[in-house]
Amino acid sequence: MTRPISRRTALLLGGLGVVTVVGGAGMLWVTWPAGTDRFTGGDALRQPAELRSTGGLLAVTLVAAPVTTTIGGRSAKLLGYNDALPGPTLRLHPGDRLRVRLTNGLTHPTNLHVHGLHVSPEGNGDNMAVTVAAGGAFDYEYQLPANHPPGVYWYHPHHHGNVADQVFAGLYGTIVVDDPAPIETSRERVLVISDLTLDGAGAVTGASAADRMQGREGELVLVNGQLAPALVLRPGERERWRIVNACVSRYLRLRLDGQRLQLLGIDSGRPEYPAEVQEILLVPGNRADVLVTAAPGTAVLRTLAYDRGAATAGGMMGGSRRRATGSDVTLASVTVTGDPAPAPAGVPRHPAPIDLRGATVTARRELSFAMGMGMGDGSMMTFTINGQEFDPDRLDTTVLAGSVEEWTLGNTSGMDHPVHLHVWPMQIVARGDTAETDVVWRDVVNVPAGGQVTVRISFSDFAGRTVYHCHILDHEDAGMMGTILAR
Ligand code: C2O
Ligand code: CU
Ligand code: CU
């Protein structure tokens with residue numbers, strides 16, 4: 001159903017729904033997805049609880065358990081950490097030690113991954129071999145190096161086979177590693193963007209086989225567990241937004257038209273100076289660290305449609321191409337009003353990032369991400385890397401700790417795969433045949449359908465065994481993951 005409503009009405013409603021066109025003269029065209037017009041929005045944006053390290057240590061308990069909350073004015077039965085959606089924000093400094101007691105109050109096994117943190121993958125560190133059974137607990141401990149990059153990271157479950165279900169249902173939280181030299185801001189906010197679908201009884205819907213192949217996308221796109229929340233700023237105020245794409249499969253193309261956006265960095269990658277941007281692409285798992293300087297008026301934080309391709313192989317799935325992320329979605333409304341704030345100080349220069357383009361490469365590898373026909377009745381697709389599905393007992397890649405490698409990430413399928421490596425970030429050096437001219441670091445790299453991306457990786461600081469995988473978590477659960485040992 002599409003109907004025009006005035007901008008004012010849209011804001012009063014919290015910008016609910018899916019904005020398809022922002023017209024002139026204060027008019028918004030809002031498409032209401034079937035079934036979602038029973039939800040309401042417009043509440044003030046909440047912040048997750050924040051737990052900060054003191055004296056170099058942060059010790060927390062995270063209880064993963066069912067939680068009943070309210071989304072868009074309706075009761076919702078989800079999963080959460082510490083009874084909240086998202087879980088608490090963990091705030092650290094480089095060199096800190098983080099201790100997490102994870103308690104599993106779910107009916108399925110789980111575990112914990114600290115996505116993007118440069119920490120050991122061994123023992124009770126960021127160890128993907130840990131399983132915490134229902135009713136069980138595990139004590140994790142992570143030591144951040146003294147030179148750990150500041151920025152936005154996050155945590156989520158990583159028990160193979162349950163990851164997409166658990167993240168979709170609400171298990172995620174933010175980790176912030178503070179800057180050595182603070183940037184002057186009026187306030188900081190965390191914006192964890194996630195999506196989910198609720199049935200009529202408020203339960204999170206399951207995913208069909210087709211949803212899993214495509215990578216499930218929820219009908220409701222939430223910011224900090226809220227539908228279309230509202231933010232209010234004064235003119236001239238500068239805020240720092242720590243944005244996490246916690247969606248299982250949804251690509252985010254974020255815009256906040258009419259407002260000034262300075263992108264400090266994505267993942268652990270941070271150039272010397274922020275970039276003035278109109279749009280920020282966050283594939284699943286990516287994070288953005290952004291300065292927003294408020295200009296008078298109203299604005300809508302939106303995510304624009306992104307065609308990430310479709311899970312079809314020569315007419316499979318009845319040949320019906322399911323185009324993913326097919327519409328623009330309103331995430332939040334921003335109202336800038338009141339007395340102007342004094343102009344903040346300039347943004348201090350950040351140390352120049354390491355550039356591996358001049359490094360000695362000790363090995364080159366190719367990883368090919370592919371989707372194929374299943375062996376069985378042909379109704380399921382296979383999700384493979386170099387022709388193999390995930391096997392935790394098989395070692396796929398062995399690298400020399402301390403060396404620099406160049407990997408070509410290829411994608412023979414008809415849809416994009418966001419490729420993620422644990423522990424060590426990747427520097428993008430080429431996209432297809434085109435060399436990257438900037439120093440671009442990511443821990444999730446989008447490899448477009450039919451395309452390839454070349455990255456360099458420095459296997460520094462840690463030895464041990466971990467994984468790389470597609471961060472469309474349904475694809476990871478389906479087997480698009482490999483093991484790696486640095487020794
Ligand atoms: Cu965010 Cu292996 O994951
Ligand atoms: Cu990760
Ligand atoms: Cu994938």
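Model, not experiment: these values are computed from the prediction. Just so you know, ligand 1 is whichever comes first in the structure, and atom 1 is the first atom listed for that ligand.
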**Q.** Y140 OH to N127 CG distance, which is reported to the nearest 0.5 Å
**A.** 7.5 Å
Q: Run the salt-bridge test on D396 and R365 with the 4.0 Å N-O cut-off and return the result as yes or no.
A: no
(Q) Does D355 form a side-chain contact (heavy atoms from CB on, under 4.5 Å) with W441? I'd like the steps, not just the answer. (A) CA-CA 9 Å; D355 186 351; W441 286 91; over 6 Å; no
Q. Does the shortest distance from atom 2 (Cu) of ligand 1 to an N/O/S atom of H422 fall below 2.8 Å?
A. yes
Q. Is R456 salt-bridged to E405, cutoff N-O under 4.0 Å?
A. no
Q) Can you tell me the angle formed at atom 1 (Cu) of ligand 1 by NE2 of H156 and NE2 of H471, to 10°? A) 120°
Q) Rounded to the nearest 0.5 Å, what separation is found between the CE atom of M481 and the CD1 atom of I385? A) 8.5 Å
Q) Do you know which N/O/S atom name in H115 is closest to atom 1 (Cu) of ligand 1? A) ND1
Q: Output the atom name for the N/O/S atom of H417 with the smallest distance to the Cu ion (ligand 3).
A: ND1
Q: Could you tell me whether the Cu ion (ligand 3) has an N, O or S atom of H471 under 2.8 Å away?
A: no
Q: Could you confirm whether H158 has any N/O/S atom lying under 2.8 Å from atom 2 (Cu) of ligand 1?
A: yes
(Q) Please evaluate residues W407 and Y468 with respect to the criterion ring-ring contact (aromatic ring centres under 6.0 Å, His included), reporting the C-alpha separation (whole Å), side-chain torsions for both, the decisive distance (0.1 Å), and the verdict. (A) CA-CA 12 Å; W407 290 11; Y468 46 82; 5.6 Å; yes
**Q.** Atom of H475 closest to the Cu ion (ligand 3), considering N, O or S atoms
**A.** ND1
